[in-house]
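Taking it in order: structure first as structure tokens, then the write-up.
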Amino acid sequence: MRTLVNSLRLVAVIAVVAAVLAQWLVTSRTPDYLFWNFFGYFTIQSNIIVAVAFALTLVAAARRQRSNLLLTGFRGAATVYIATTGVVYNTLLVGASVSNTVPWSNDVLHKVVPLYAVLDWLVFSDRARLLLRHVWWFLVYPAVWLVVVLVRGATDGWVPYPFLDPAQGYGVVALYCLGVAVSIGLMGILVVGMSRLRLLRV
């Protein structure tokens, strides 16, 4: 079972690297390409974070180390972020017009990896038990990301997603931000709760 789990996680890491690279190769050839814009998307960042989390878990498994609270917390946060990517894309961004998108890469980053990451966290038992207070730590990175995006939207005009565009009014943007923040908090609580489950021992 451990070999199967490690293989699935390795495939997930490779899939993220391949999908991000494929999309970057296309986007980097466009006239308005900027490095920090491409890697400023929550989608890209959350996928990289979850890939790093899986990679660190694989290293720990190779060293036959038991999952500690620090690694479990990082994996839990990564699960929350990638789940947020999946939920937001498949609700708020359905039908949004996005140019220069690589279709298979888009599906991997927004659907396949989010779904697998949540199932991995739910099913496999190689993680420590988290506490509700860890949810506050999960909120730090999204809050920093949001502040940076709002500042950029108000200064240089770049916004990664339509629902964060200040042109529609900061009241509307604030409501979207509040909704996303609440959903992240709720997903954090679910992730903490799931850390106590032991469906398959590995």
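Below, all heavy atoms of this structure are taken into account, side chains as well, without hydrogens, waters or symmetry copies.
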Rounded at 0.5 Å granularity, tell me how far CZ in Arg129 sits from CG in Leu197. 9.0 Å
Looking at every heavy atom in both Leu131 and Arg196, which two are closest together, and how far apart are they? CD2-NH2, 3.7 Å
Of the non-hydrogen atoms in Ala78 and Val50, which two are nearest, and what is the gap between them? CB-CA, 3.9 Å
Indicate the atoms forming the closest heavy-atom contact of Gly185 with Val135, along with that distance. O-CG1, 3.9 Å
In one Ile/Leu/Val/Met/Phe/Trp/Tyr side-chain cluster, 4.5 Å: Val144, Val149: no
Side chain to side chain contact (heavy atoms under 4.5 Å, CB included) between Val87 and Leu92, worked out: CA-CA 8 Å; Val87 169; Leu92 298 181; over 6 Å; no
Return the minimal non-hydrogen interatomic distance between Arg127 and Ser195, and the atom names on each side. NH1-O, 2.9 Å
ring-ring contact (aromatic ring centres under 6.0 Å, His included) filter on Tyr141, not counting sequence neighbours, yields Phe42, Tyr81
Determine whether Val182 and Leu175 fall in the same hydrophobic cluster, where Ile, Leu, Val, Met, Phe, Trp and Tyr are linked whenever their side-chain heavy atoms lie under 4.5 Å apart. no
With a 3.5 Å distance limit and no angle check, can you tell me whether Ser183 reaches the backbone of Val180 through a side-chain donor-acceptor pair? yes
Measure from the side-chain N and O atoms of Asn47 to the backbone N and O of Leu109, and report whether any donor-acceptor pair falls under 3.5 Å. yes
Evaluate the side-chain proximity of Leu164 to Leu146: yes if any heavy-atom separation is below 4.5 Å, no if none is. yes
Between Asp126 and Arg2, does at least one N-O distance fall below 4.0 Å, as a salt bridge requires? no
Show the nearest heavy-atom pair for residues Ala51 and Val16, with the distance to one decimal. CB-CG1, 3.9 Å
Starting from the C-alpha separation in whole Å, work towards a yes-or-no answer on side chain to side chain contact (heavy atoms under 4.5 Å, CB included) for Tyr161 and Val88. CA-CA 10 Å; Tyr161 306 109; Val88 169; 5.9 Å; no
Trp145 versus Gly40, closest heavy-atom pair with distance: NE1-O, 2.8 Å
Within the 4.5 Å heavy-atom criterion, are Tyr33 and Asn100 side-chain neighbours or not? no
Strictly by ring pair (Phe, Tyr, Trp, His ring centres under 6.0 Å), give each pair with a member in residues 172-192 just once, sequence neighbours left out. Phe163-Tyr176
Donor-acceptor pair, side chain of Ser46 and main chain of Thr43, under 3.5 angstrom: yes
Is any side-chain heavy atom of Val159 closer than 4.5 Å to one of Arg152? no
Checking His134 now: which residues fulfil ring-ring contact (aromatic ring centres under 6.0 Å, His included) with it, not counting sequence neighbours? none
Give a yes or no on whether Val112 and Val20 share a hydrophobic cluster (residues Ile, Leu, Val, Met, Phe, Trp, Tyr; joining criterion: side-chain heavy atoms under 4.5 Å apart). no
Please tell me if the side chains of Leu56 and Phe74 come closer than 4.5 Å, counting only heavy atoms from C-beta onward. yes
Is it true that Trp158 and Phe38 have ring centroids separated by less than 6.0 Å? no
Side chains of Leu71 and Asn68, heavy atoms from C-beta outward: is any pair under 4.5 Å? yes
Side-chain heavy atoms of Leu93 within contact of Pro162, under 4.5 Å: yes
From Lys111 NZ over to Asn106 CG, what is the distance, rounded to the nearest 0.5 angstrom? 7.0 Å
In terms of hydrophobic clusters joined by side-chain contacts under 4.5 Å, are Ile44 and Phe35 together? yes
Side-chain touch Asp120/Phe54, heavy atoms, less than 4.5 angstrom: yes
Rounded distance (nearest 0.5 Å) linking atom CG of Leu10 with atom OG1 of Thr3: 12.0 Å
Donor-acceptor contact present, side-chain Ser125 to main-chain Leu200, <3.5 Å: yes
Count the heavy atoms of every other residue, nucleotide or ligand shown that sit under 6.0 Å from CG of Leu70, and state whether that count exceeds 12. no
Side-chain heavy-atom pair Ile49, Ile82 within 4.5 angstrom cut-off: no
Is the backbone N or O of Val191 less than 3.5 Å from a side-chain atom of Trp121, with the two atoms forming a donor-acceptor pair by type? yes
Test your reading of the model: is there a side-chain donor-acceptor pair from Gln65 to the backbone of Thr57, 3.5 Å cut-off? no
Does Arg9 reach the main-chain N or O of Leu58 with its side chain, forming a donor-acceptor pair under 3.5 Å? no
Does Trp137 CH2 have over 12 foreign heavy atoms under 6.0 Å away? no
same_hphob_cluster(Trp104, Val11) at 4.5 Å side-chain heavy-atom cutoff: no
How long is the straight-line distance from CH2 of Trp36 back to CG of Asp156, given to the nearest 0.5 Å? 10.0 Å
